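Model, not experiment: these values are computed from the prediction. Nothing fancy with the numbering, it's 1 onward along the sequence.
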Amino acid sequence: MARTSPARTDVPDTAGSFPVTVDVVALTVRAGALHVLVVDRLLEPFRGQAALPGGFVLADETLEQAAGRELEEETGLTVPAQAAGAGPWHLEQLRTYGPLGRDPRGPVLSVAYLLLAPAFGLPAAGGDAAEARWVPVIEEGKPLAFDHDQILADGVERARAKIEYSPLAAAFCPPEFTVAELRGVYEAVWGTQVDARNFHRKATGTPGFLEPTGRLGGGGPGRPAELYRLASGVDPAAAVLHPPLLRSVSPGRVAPSA
């Protein structure tokens, strides 16, 4: 009879043991430009340097709970319940980083989250953050603490790619919006101008994307424009646009203007 090894119920002695953190790439469109939320660190390491909101995961919480807690503690902003589902906010896990070479205190594994929303309140620093503020995402800027430049670049590229093939651009808009307002989101996130007539044709003609509300709105000059909303029953995090709205030019690496 063949011998079988007993099933292990403990963690192997060779398994690594290190703390886990969460970092949040919170993006919104303000004054026609893509902005990211940053905090100035109150403590070492990197005291006084800008960083993404985040911190260590506590023993009794999930990663998503830790992301929401750290965001609220350091910036005063609260992620609504069910932000990962349909609705004006969108929260998703971006990727993991580390554990080696990213923190001078030793090995630390970070799980990054991407948060998109149409309008955040004004941040108020708290916890171990000396200041919290929105800064525009541009091509050049002061480096962020830890490996947060890379995390931010990955988060922005994820947002840029996602709005090509999903309705997630509407996460930056109010519940009802004009096509021009939606186009402004694409221009802000992609960092490039979009042809107005071509975009209107694609956005309104793509199945499962937009539906007219029957009302007029828009605060700009000229005639009021038709208001749209996401098509009924569409989950912007799960739906796929076919055909996709593709970028004509891929923007380069990004960093915040501190």
Heavy-atom closest contact ([X] atom, [Y] atom, distance):
{"X": "P118", "Y": "C173", "answer": "CB-O, 3.2 Å"}
{"X": "A145", "Y": "Q49", "answer": "N-NE2, 3.5 Å"}
{"X": "R183", "Y": "V194", "answer": "CD-O, 3.7 Å"}
{"X": "L227", "Y": "G217", "answer": "CG-N, 3.7 Å"}
{"X": "L230", "Y": "P167", "answer": "CD2-CB, 3.6 Å"}
{"X": "L182", "Y": "A170", "answer": "CD1-N, 4.3 Å"}

Do [X] and [Y] come close enough that some side-chain heavy atom pair is under 4.5 Å?
{"X": "L58", "Y": "R69", "result": "yes"}
{"X": "K202", "Y": "F209", "result": "no"}
{"X": "D154", "Y": "Q150", "result": "yes"}
{"X": "L245", "Y": "I163", "result": "no"}
{"X": "R133", "Y": "D40", "result": "yes"}
{"X": "E226", "Y": "T204", "result": "no"}

Cluster partners of [X], using ILVMFWY side-chain heavy atoms under 4.5 angstrom, listed by chain and number?
{"X": "F146", "value": "F46"}
{"X": "V240", "value": "none"}
{"X": "F56", "value": "V108"}

Among V179, T178, V185, find the one that has a side chain to side chain contact (heavy atoms under 4.5 Å, CB included) with E181.
T178

Starting at [atom1] of [X], measure out to [atom2] of [Y] and round the result to the nearest 0.5 Å.
{"X": "L114", "Y": "I151", "atom1": "CG", "atom2": "CD1", "result": "12.0 Å"}
{"X": "R30", "Y": "F172", "atom1": "CZ", "atom2": "CZ", "result": "13.0 Å"}
{"X": "D149", "Y": "L52", "atom1": "CG", "atom2": "CG", "result": "8.5 Å"}
{"X": "L168", "Y": "D235", "atom1": "CG", "atom2": "CG", "result": "8.5 Å"}
{"X": "L71", "Y": "D23", "atom1": "CG", "atom2": "CG", "result": "11.5 Å"}

[X] with [Y], same ILVMFWY side-chain cluster at under 4.5 Å:
{"X": "L42", "Y": "L77", "answer": "no"}
{"X": "V189", "Y": "Y165", "answer": "no"}
{"X": "V39", "Y": "L27", "answer": "no"}

Mark yes or no for whether [X], through its side chain, and [Y], through its backbone, hold a donor-acceptor pair below 3.5 Å.
{"X": "E74", "Y": "G54", "value": "yes"}
{"X": "D195", "Y": "N198", "value": "yes"}
{"X": "T78", "Y": "E72", "value": "no"}
{"X": "T75", "Y": "A132", "value": "no"}
{"X": "E211", "Y": "S232", "value": "yes"}

Donor-acceptor pairs under 3.5 angstrom involving side-chain atoms of residues 14-21: please list them, not counting sequence neighbours.
from: T21; atom 1: OG1; to: S110; atom 2: OG; distance (Å): 3.4

Counting only heavy atoms not in [X] (residues, nucleotides, ligands), do more than 12 fall under 6.0 Å from its [atom1]?
{"X": "Q93", "atom1": "CD", "answer": "yes"}
{"X": "R105", "atom1": "CZ", "answer": "yes"}
{"X": "L246", "atom1": "CG", "answer": "yes"}

May I have all residue pairs that pass salt bridge (charged side-chain N to carboxylate O under 4.0 Å, His left out) and include part of residues 113-129, sequence neighbours excluded?
none

Set out, in order, the CA-CA distance, both residues' side-chain angles and the distance that settles side chain to side chain contact (heavy atoms under 4.5 Å, CB included) for H148 and R102, then state yes or no.
CA-CA 9 Å; H148 289 185; R102 58 175 309 274; 4.1 Å; yes

Which residue in the set K162, R247, R95 passes salt bridge (Lys or Arg N to Asp or Glu O under 4.0 Å) when paired with E157?
R247

Tell me, please, which residues at least two apart from A33 pass side-chain contact (heavy atoms from CB on, under 4.5 Å).
H35

Give the C-alpha distance, both sets of side-chain angles, the deciding distance and a yes or no for side chain to side chain contact (heavy atoms under 4.5 Å, CB included) between L115 and L37.
CA-CA 10 Å; L115 176 63; L37 184 61; over 6 Å; no

